[in-house]
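All values derive from a computational prediction rather than experimental measurement.
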Amino acid sequence: MRCFALAQAWQDSGGHCIFAMAESTPAVERRLQEEGMVVERLTARVGTAEDAKETGHLAGKKDAAWIVVDGYPFGSAYQLAIKAAGFRLLFVDDNVHAETYSADLVLNQNIHANASRYAKREPSTRLLLGPRYAMLRREFRRWRNWQREIPASGRKILVTMGGSDPNNLTARVIEAIRQLSNPDLETAVLVGGSNPHLRSVEASIQKESMRLIADATNVPELMTWADGAVAGAGTTFWEMCFLGLPGILLVLAENQEDVAAAAGSMGIAWSLGRGIDVSASAIAGKLAELLNSSDSRASQSEKGQKLVDGRGADRVVAFLSDLQLRRTVESDCEIFWEWANDPGARAASFRNKTISWEHHTQWFRAKLADPKAILYTATNEGGLPMGEVRYQMDGERAVLSIGLGPRFRGCGWGQKVLAVATERFFQDFEVEFIDAYVKPTNEASLKLFAGAGFQRLPSEVIEGQEGIHFVLERSVFA
């Protein structure tokens, strides 16, 4: 599902997607094909040298810009083989299972992800770490600014144990709900079409005040309907965070253990550990406690929505573009001057007067010499400068300015440049807040910062003019 979300974001940026799979189900293939994505079946054993060769051959035949690899059988040798074949590689990781990393990008969206765990990586390998990159499907986007109401007593329960649920934990959760004494409870049980226990689950709730939904296509609506959930700690957890849905997590697979533990310690959800070890009565007791505590549900909801803003897939796509980001150098002085004096740039600036060459060169050299001023130049793959991003640091805060060359405006480059520059800046410098100020008439920048997850604050006076204040906290990147 996270690769599906990434594929949707890639489509939205104008790209095409091919899913190369050794294993699948009819329901998954049908869903992909309905979205206009091509499905190709691979014959080699997953993660082997033959697999890498077959995948590389397919990518070459399809003229693929990137290969995205997601799965635990893929390790260090697989990465090296794909890179040796000349392809750009995004490696989706969860628990640092490879000995070394040579991919162009390594993505770990989990709460516990940190750079120290990836010490054995190539210098050229860039890390995309934390829930900032949690990739949600397109259907969640329209709920981006939705706010949950927390009733005094919860009575609507969502149950979802993922697509397959081989241990039939769904049945155990249903038994737990039966143990609750509240006759007003409503329950929606989500199961995947590949669930081998679908018929038995269906039969078990025919006489209950529960509804069974197979292969749900309206997951956001169900999550906004519910007051609480019992769920696996996989992709569903990030969706719950985004919609502020409080709940209880069961670990369904080894890769979910650290996620569930971190969510529990941070108060984002209550974790009961490995699902197969948890009794129905234990689930019932914790669920009753959650439904009866509006304070607990409100706290979980607030923390979850702060953690996941739903823009993760778009941020990842920004790193898959031809955009390059480097520190600004002396030879950029003239192009910065030309950009600064462009009529569009002057109209958007709080200082509208044309900038002289003499004044610009003095300012430019002073900024390059100032350790508190961080300047980046964005270029395309051929090295042509497209725009610039500046950060002026002051203690734990930094003020951001961004500008694009006239020919690169209105093409979506602003979002990509801002995403890449912000990630680079937070990785390299100990700053907690990034501030940006925009004139109320600058619709493009207002949309840019709002779309990048910046919080809009009350207006301030900048250079004698009204300025809309935006801020982004480092905590969002945790």
Side-chain angles (χ1 to χ4, degrees), residues 1-5 7-8 19 21 23-37 39 41 70 135-143 154-180 185-243 245 247-253 255-256 269 275-276 278 280 283-284 287:
M1 286 297 99
R2 63 189 179 192
C3 283
F4 180 46
Q8 288 180 325
F19 274 76
M21 297 187 291
E23 301 173 1
S24 184
T25 66
V28 168
E29 291 197 23
R30 184 168 58 252
R31 180 77 183 274
L32 295 175
Q33 290 165 349
E34 288 172 351
E35 294 278 341
M37 299 169 190
V39 176
R41 301 305 295 265
D70 189 353
M135 299 183 292
L136 303 188
R137 301 186 301 279
R138 190 185 286 136
E139 62 210 65
F140 285 87
R141 294 180 189 173
R142 69 185 183 91
W143 298 92
R155 63 181 186 84
K156 299 174 182 177
I157 306 169
L158 183 69
V159 178
T160 171
M161 294 293 120
S164 58
D165 188 18
N167 294 311
N168 199 15
L169 292 176
T170 300
R172 193 173 304 178
V173 177
I174 291 172
E175 175 58 31
I177 295 171
R178 287 195 181 111
Q179 296 179 17
L180 301 180
L185 290 181
E186 298 179 50
T187 303
V189 180
L190 274 58
V191 295
S194 57
N195 189 322
H197 310 286
L198 175 60
R199 297 303 170 217
S200 64
V201 170
E202 185 176 28
S204 72
I205 67 173
Q206 284 181 349
K207 297 181 180 180
E208 305 282 347
S209 58
M210 301 181 185
R211 51 182 169 141
L212 179 70
I213 305 168
D215 284 330
T217 58
N218 61 334
V219 174
E221 287 82 358
L222 292 166
M223 286 190 170
T224 55
W225 164 84
D227 298 320
V230 183
T235 297
T236 301
F237 169 63
W238 306 115
E239 298 167 354
M240 290 167 57
C241 286
F242 175 67
L243 292 173
L245 176 59
I248 296 166
L249 299 180
L250 299 178
V251 174
L252 308 181
N255 66 298
Q256 297 179 4
I276 58 173
V278 182
I283 297 171
L287 183 55

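Taking both residues in full, the closest heavy atoms of G154 and L185 are given as O-CD2, 4.2 Å, listed atom of the first, atom of the second, then distance. Across every non-hydrogen atom of F242 and F140, the tightest pair is CE2-O, 3.2 Å. Between A284 and Q179, the closest heavy-atom pair is CB-OE1, 3.7 Å. Counting all heavy atoms, side chain and backbone alike, A229 lies closest to L245 at CB-CD2, 3.7 Å. Scanning both residues, G232 and M161, for their nearest heavy atoms gives N-CE, 3.9 Å. Across all their heavy atoms, M37 and F19 have their closest contact at SD-CE1, 3.6 Å.
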Practice prompt. Could you please spell out the steps behind the side chain to side chain contact (heavy atoms under 4.5 Å, CB included) verdict for M240 and L158?
Written response: CA-CA 11 Å; M240 290 167 57; L158 183 69; over 6 Å; no
field: Criterion side chain to side chain contact (heavy atoms under 4.5 Å, CB included) on I205 and T187, from CA distance to verdict
entry: CA-CA 10 Å; I205 67 173; T187 303; over 6 Å; no
When you look at L198 and L212, which way does the side chain to side chain contact (heavy atoms under 4.5 Å, CB included) test go after all the steps? CA-CA 9 Å; L198 175 60; L212 179 70; 4.0 Å; yes
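Annotation: the span from T235 atom OG1 to L136 atom CG amounts to 8.5 Å, rounded to 0.5 Å. To the nearest 0.5 Å, atom CE of residue M210 and atom CD1 of residue I157 are 7.5 Å apart. Atom CG of L169 and atom CG of L252 lie 6.0 Å apart (nearest 0.5 Å). Taking CD1 of I248 as the start and CD1 of I283 as the end, the distance is 8.0 Å to the nearest 0.5 Å. Here the CD-CD distance, from E139 to E221, works out to 8.0 Å after rounding to the nearest 0.5 Å. Atom CG of L249 and atom CZ of F237 lie 6.0 Å apart (nearest 0.5 Å).
Contact of the I174 side chain with the V159 side chain is not registered, since no non-hydrogen atoms from C-beta on lie closer than 4.5 Å. Annotation: side chain of T236 is not in contact with side chain of V219 (no heavy-atom distance under 4.5 Å). Proximity of H197 to T170: side-chain heavy atoms (C-beta onward) are nowhere separated by under 4.5 Å. S24 has its side chain within reach of R41: a pair of non-hydrogen atoms, C-beta onward, lies under 4.5 Å apart. Contact check for M21 versus C3: no side-chain heavy atoms found under the 4.5 Å cut-off. Using a 4.5 Å cut-off on side-chain heavy atoms (C-beta onward), F4 and E35 make contact. Residues M135 and W238 are not in side-chain contact: their nearest non-hydrogen atoms beyond the backbone lie 4.5 Å or more apart. Under the 4.5 Å side-chain criterion, counting only non-hydrogen atoms from C-beta, V201 is in contact with N168.
With respect to E202 and R199, a salt bridge is recorded, a charged nitrogen being found less than 4.0 Å from a carboxylate O.
Side-chain N or O atoms of Q8 include none that pairs as donor or acceptor with a backbone N or O of R137 at under 3.5 Å.
Every pair tested for salt bridge (charged side-chain N to carboxylate O under 4.0 Å, His left out) that includes a residue from residues 162-173 fails, sequence neighbours excluded, so the list is empty.
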